[in-house]
Amino acid sequence: MSRKERIAELDLIRGFAFLAVVYQHVIGIFIREQGLSEQTAIVYGMLFHLLKFAVPAFIFITGLVLFYNYCEKVNYIGFMRKRVTEILVPYGIWSAIYMSLQTWPQGWESSFFRTVIKNLVTGTSSYHLWFVVMIFQFYLLYPLWQKLFRFLHRLVVNRTRFVVVGALLAVVYGGLMWFSARYVPAHMADFGGGPLELYMIKYRDRNAFYYYFYFLLGGVAAVALPAFRAWIGKRWMWIAAAFCLLYGWIGYELLQVFASGSISLNVATSLKPSMFLYTVASLLGVYGLALLIGKKQSAVTHWLSLVGKYSYGAYLMHALVLTYLMKAVRGIGLFHTGVIGSLVVFVLCAAVSFFLSYGLGRLPFGALLVGAAEKKRVSEPAKKQLPHAG
């Protein structure tokens, strides 16, 4: 398979998504501070909502890159060898680091191996590693996703069928989000503890099937990349209007929860119908923003693209960096509370994580710690035509 051009805007979107993840986790710490006012909690909640595009953005990018590079065929053995080396090996190393820093209960020796295996399989060595378990399922089962996508692609012979098939997939996905957000919490007692139910119910937040729409949306963008870029450029006002309306809707849901006296970010889960619609609008908006700022090379685009290229390693280590940063700011009594403090900690955490990832990535065996930043020629937006696009 010939190497294809690197899609320039994807590194910018990765950079946006990584920064959004870091600030989400900073907010998750700061919103638990003692004596937090309701007004500050609402600010944190609204900022948290603003950043919720991050995980779906990584899934969307994964779908786009896979269908862009492997739409026709894939050598599964070589394909998986590359993903194991660049994704699972760094994940395993950082999981071991996080587990080594945990306080293990008395008598842990008897269940050590079972606990380690459970943590690796479920991504519970640290609060953020669930994402790697979830995203890796798309690679592991890519031949099946590829067959499904080809089947759907054959159905779409004109614009009308494209709209109908897309609408049906959206309705099914919306139903799945209703099942996750409404039905499951109300019927938890009806579910047993078998492996399938654990995968589909308890650990549904790390079940790739619950995110399939964003993955397939990435596939659509991949096979019609010039048209996708042009569509976003022509309809940016509608995208912006939809984003604002849906942001107001999920903000109203947040205020309802906070008004009941509960200050919790669980209401901001991605796995609910309203967040699904909002996330699609967010993804289109972020893609449009990446196209806009990517038109002109500047220091901002350079550094944001660099952050995007080293985002996997930075993601793996940022929780550890954040832990020690919080210890430091609490120790000196500065920037450990308030919105300003959260912004300072966010900037420090993102910067330290990136530079550590960048530095480790340049070592001889750095890819084993932070993954590999692929080196491909850059595709200029709206210039490179994708074969079979349409």
Side-chain angles (χ1 to χ4, degrees), residues 2-20 53-72 138 145 149-150 152-153 156-163 165-167 169-170 213-244 246 277-298 300-309 311 374 376-390:
S2 61
R3 290 175 68 87
K4 292 188 176 181
E5 313 241 355
R6 192 179 187 105
I7 302 171
E9 62 266 25
L10 294 191
D11 283 328
L12 297 174
I13 298 172
R14 285 190 188 96
F16 283 134
F18 167 70
L19 296 176
F53 71 90
V55 165
F58 281 123
I59 299 167
F60 169 83
I61 290 171
T62 300
L64 198 160
V65 171
L66 287 183
F67 287 111
Y68 180 76
N69 289 309
Y70 305 99
C71 188
E72 297 301 324
F138 286 112
W145 289 108
F149 191 80
R150 284 180 182 173
L152 295 173
H153 198 202
V156 181
V157 295
N158 54 47
R159 182 174 297 181
T160 300
R161 282 203 177 187
F162 174 79
V163 172
V165 171
L169 287 173
F213 190 88
Y214 310 118
F215 184 72
L216 294 179
L217 182 62
V220 171
V223 299
L225 188 57
F228 182 76
R229 288 165 167 167
W231 185 88
I232 289 179
K234 290 177 181 177
R235 291 168 175 80
W236 66 268
M237 290 187 66
W238 288 103
I239 294 170
F243 171 84
C244 292
L246 292 165
L277 298 174
Y278 168 72
T279 298
V280 172
S282 297
L283 288 177
L284 296 176
V286 170
Y287 202 105
L289 180 61
L291 288 174
L292 180 64
I293 69 174
K295 288 181 178 179
K296 189 176 294 185
Q297 289 297 317
S298 66
V300 172
T301 57
H302 170 75
W303 282 104
L304 193 57
S305 294
L306 205 57
V307 169
K309 289 176 182 176
S311 59
E374 297 182 12
K376 294 183 181 180
R377 293 170 298 165
V378 173
S379 168
E380 294 293 337
K383 288 185 180 180
K384 177 68 179 178
Q385 298 295 313
L386 188 68
H388 311 299

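Just so you know, these numbers come straight off a predicted model, no measurement behind them.
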Nearest heavy-atom neighbours spanning Leu64 and Ala221: CD1-CB, 3.7 Å

Spacing of CZ belonging to Arg14 relative to CD belonging to Glu9, to within rounding of 0.5 Å: 10.5 Å

d(Ile61 CD1, Asp11 CG) to nearest 0.5 Å is 8.5 Å

Could you check Phe18 against Leu304 for side chain to side chain contact (heavy atoms under 4.5 Å, CB included), going step by step and ending with a plain yes or no? CA-CA 10 Å; Phe18 167 70; Leu304 193 57; over 6 Å; no

Pairwise side-chain contact, Tyr287 with Leu10, heavy-atom cut-off 4.5 Å (strictly under): yes

What are the two closest heavy atoms between Val223 and Cys71, and how far apart are they? CG1-SG, 3.9 Å

Stepwise, does the side chain to side chain contact (heavy atoms under 4.5 Å, CB included) test hold for Phe162 with Val220? CA-CA 10 Å; Phe162 174 79; Val220 171; 4.0 Å; yes

Please list all pairs meeting side-chain hydrogen bond (donor to acceptor under 3.5 Å, both in side chains) that have one or both residues in residues 235-244, counting only residues at least two apart or in different chains. none

So, for Gly308 and Ser311, which heavy atoms are closest and what is the spacing to 0.1 Å? O-OG, 2.8 Å

Taking all non-hydrogen atoms of both residues, which atom of Ala290 and which atom of Leu12 are closest, and how far apart? O-CD1, 3.4 Å

Without placing hydrogens or testing angles, list every side-chain donor-acceptor pair under 3.5 Å for residues 277-284, not counting sequence neighbours.
| residue | atom | partner | partner atom | Å |
| --- | --- | --- | --- | --- |
| Tyr278 | OH | His49 | O | 3.0 |
| Thr279 | OG1 | Met275 | O | 2.6 |
| Ser282 | OG | Tyr278 | O | 2.9 |

Could you measure the distance from the CG atom of Leu217 to the CZ atom of Phe228? Nearest 0.5 Å is fine. 5.5 Å

Applying ring pair (Phe, Tyr, Trp, His ring centres under 6.0 Å) to Phe215 and not counting sequence neighbours gives Phe67, Phe138, Trp145

Heavy-atom nearest pair, Gly166 first then Phe213, reads O-CE1, 4.3 Å

What are the two closest non-hydrogen atoms of Gly288 and Ile232, and how far apart are they? CA-CG2, 3.6 Å

